[in-house]
J.: 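Let me give you the structure first, and then I'll get to my questions.
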Amino acid sequence: VGAGAAAYRFIQAYREKNREDELHIFSKEEYPFYNRVLLPEYINEELPWESLLKLKRGELEKLKVNLYPKNGIHKIDAQGKKVVDGLGQTHSYDLLILATGSRAFVPSEVRIDLPGRFTMRERGDADRLKRYLAETGLPPMEQHVVIVGGGLLGLELAAALKKVNINISIIQRAPRLMERQLDPISSRLLAEDVSERGIQLYFDNEVSTVFEDKESQYTLLVNLKTGRTLRCNAIVYAIGTRPNITLAQEAGLETRKGV
């Protein structure tokens with residue numbers, strides 16, 4: 001269950017030892033087995049989609065894998081060794097591997113379903129952001145994207161968008177960048193490099209509210225807790241992930257911070 005990096009490595013390792021067993025892969029995503037880390041380069045079109053694929057054309061057939069894209073598993077019957085997919089079909093199994101990965105964390109008060117609000121976890125997110133920015137009709141140098149989160153994903157997305165001259169602001173709750181990974185000196189040097197690229201940094205800050213500008217289409221008003229208001233075209237929440245453990249919990253499996 002799942003078609004990310006873990007499932008990809010499992011398939012490869014399993015097929016090295018066993019070419020006979022049937023392998024069935026269920027994925028909620030339409031596009032399986034790709035490098036999520038490179039999504040920022042896909043957004044700014046530095047890399048074509050094919051460069052992100054882990055499995056090239058024909059490799060899935062060679063591995064003898066039955067893939068079910070856009071069709072996740074909704075229920076597990078552990079005792080009966082059966083699963084129910086998103087289409088309501090029941091499938092039996094001898095061995096079930098849960099490789100459900102994680103999802104982007106979004107604060108409960110955020111209306112991510114409204115226009116101009118995005119996360120960045122899968123290709124669908126990247127395509128929606130690309131399409132939305134194109135729909136603004138503005139040249140890149142007149143577009144402004146606010147990124148919430150100064151971690152690795154937020155910084156990589158900021159750098160990728162800045163390469164195509166989009167204006168970027170990063171809202172960071174902590175007093176420095178990547179505070180969990182870097183010591184204070186390294187973090188300061190990183191912040192200097194980011195600033196030199198023309199990216200605005202707002203430390204010790206959080207987003208309070210986000211409203212649509214009624215007088216200008218594709219424009220948002222992002223109010224920070226320090227009182228500042230930023231006008232932008234889109235806001236991307238890059239503030240970490242949460243493990244997808246609901247399926248395992250409903251099946252009665254022991255979970256903590258993951259499966």
Side-chain angles (χ1 to χ4, degrees), residues 4 28-29 34-44 100-136 143-164 166-181 187 190-191 194 197 199-213 218-246 257-258:
K28 285 184 177 180
E29 290 193 58
Y34 62 89
N35 191 340
R36 299 180 192 278
V37 175
L38 296 177
L39 280 174
E41 283 73 20
Y42 167 68
I43 292 175
N44 71 3
T100 47
S102 59
R103 65 190 182 279
F105 170 68
V106 179
S108 57
E109 70 273 11
V110 173
R111 290 290 307 276
I112 201 69
D113 58 306
L114 293 178
R117 287 82 159 170
F118 302 90
T119 57
M120 194 52 56
R121 182 63 185 164
E122 55 189 53
R123 177 178 172 174
D125 300 325
D127 286 337
R128 282 189 289 273
L129 179 59
K130 288 175 66 175
R131 185 165 55 247
Y132 180 86
L133 291 177
E135 288 173 355
T136 66
Q143 296 175 4
H144 181 199
V145 175
V146 169
I147 297 174
V148 183
L152 191 58
L153 173 59
L155 291 173
E156 289 184 342
L157 180 60
L161 294 176
K162 192 62 183 178
K163 276 187 177 181
V164 291
I166 294 176
N167 297 295
I168 302 295
S169 296
I170 295 178
I171 313 302
Q172 173 69 332
R173 184 178 184 179
R176 57 191 180 90
L177 296 174
M178 296 183 68
E179 75 278 9
R180 294 183 181 179
Q181 295 89 351
S187 185
L190 175 61
V194 171
R197 296 172 186 238
I199 297 171
Q200 297 295 316
L201 295 170
Y202 297 91
F203 292 113
D204 292 311
N205 231 318
E206 295 180 63
V207 173
S208 176
T209 56
V210 180
F211 296 107
E212 294 179 40
D213 188 342
Y218 298 107
T219 301
L220 301 176
L221 300 176
V222 178
N223 299 308
L224 305 183
K225 292 197 172 177
T226 54
R228 183 188 294 265
T229 298
L230 303 178
R231 288 174 61 90
C232 66
N233 304 107
I235 182 169
V236 181
Y237 293 87
I239 46 181
T241 60
R242 292 293 183 271
N244 293 319
I245 59 176
T246 303
K257 291 186 177 180

J.: Let's go through D127 and R131 carefully: what are the C-alpha distance in whole Å and the side-chain angles of both, what is the deciding distance for salt bridge (charged side-chain N to carboxylate O under 4.0 Å, His left out) to 0.1 Å, and is it a yes or a no?
T.: CA-CA 6 Å; D127 286 337; R131 185 165 55 247; 5.8 Å; no

J.: Which pairs would a plain distance check flag for residues 201-211, meaning a side-chain donor or acceptor within less than 3.5 Å of a matching protein atom at least two apart in sequence or in another chain?
T.:
residue: N205; atom: OD1; partner: T226; partner atom: OG1; Å: 3.2
residue: N205; atom: ND2; partner: T226; partner atom: OG1; Å: 3.0
residue: T209; atom: OG1; partner: N223; partner atom: ND2; Å: 2.8

J.: Using 0.5 Å steps for rounding, measure from the CG atom of N44 to the NZ atom of K163.
T.: 6.5 Å

J.: Counting only pairs under 3.5 Å, give me each side-chain donor-acceptor contact of residues 152-161, with atom names and distances, residues two or more places apart or in other chains.
T.:
none

J.: Can you name the closest pair of heavy atoms from L177 and A191 and give their distance?
T.: CD1-CA, 3.8 Å

J.: Taking side-chain contact (heavy atoms from CB on, under 4.5 Å) as the definition, give me every residue that meets it alongside N244, ordered by chain and number, with sequence neighbours left out.
T.: T100, R103

J.: Starting at SG of C232, measure out to CD1 of I166 and round the result to the nearest 0.5 Å.
T.: 12.0 Å

J.: With sequence neighbours left out, write down each residue that passes ring pair (Phe, Tyr, Trp, His ring centres under 6.0 Å) with Y218, or none if nothing qualifies.
T.: Y132

J.: Keeping the roles fixed (side chain from N233, backbone from T219), state whether a donor-acceptor pair exists under 3.5 Å.
T.: no

J.: Nearest 0.5 Å, please: how far is OG in S102 from CZ in R36?
T.: 7.5 Å

J.: In Å, rounded to the nearest 0.5 Å, how long is the span from CD of E135 to NZ of K130?
T.: 13.0 Å

J.: Hey, could you give me the CZ/CD1 distance between F118 and I112, rounded to the nearest 0.5 Å?
T.: 8.5 Å

J.: So which heavy atom on A234 is nearest to which on L129, and how close?
T.: CB-CD1, 4.3 Å

J.: Can you measure from CZ (R231) to CG (D213) and round to the nearest 0.5 angstrom?
T.: 4.5 Å

J.: Please enumerate all residues that pass side-chain contact (heavy atoms from CB on, under 4.5 Å) together with E212, with sequence neighbours excluded.
T.: P115, R117, L220

J.: Test of understanding: with side chain to side chain donor-acceptor pair (under 3.5 Å), list the residues that count as partners of K225, not counting sequence neighbours.
T.: none

J.: Which is it for N167 and K162 under the side-chain contact (heavy atoms from CB on, under 4.5 Å) test, yes or no, and what are the steps along the way?
T.: CA-CA 6 Å; N167 297 295; K162 192 62 183 178; 4.1 Å; yes

J.: Checking side-chain contact (heavy atoms from CB on, under 4.5 Å) for the pair I171/I235: CA distance, chi angles, key distance, verdict?
T.: CA-CA 10 Å; I171 313 302; I235 182 169; over 6 Å; no

J.: Does CZ in R176 sit with more than 12 non-hydrogen atoms of other residues, nucleotides or ligands closer than 6.0 Å?
T.: yes

J.: Keeping E29 on the side-chain end and E122 on the backbone end, is there a donor-acceptor pair under 3.5 Å?
T.: no

J.: Measuring only between side-chain heavy atoms, which start at C-beta, is I43 closer than 4.5 Å to L133?
T.: no

J.: Testing the basics here: between P107 and I239, what is the closest heavy-atom pair and its distance to 0.1 Å?
T.: CD-CD1, 3.5 Å

J.: At their closest point, which heavy atom of D125 faces which heavy atom of T119, and how far apart are they?
T.: CB-O, 3.2 Å

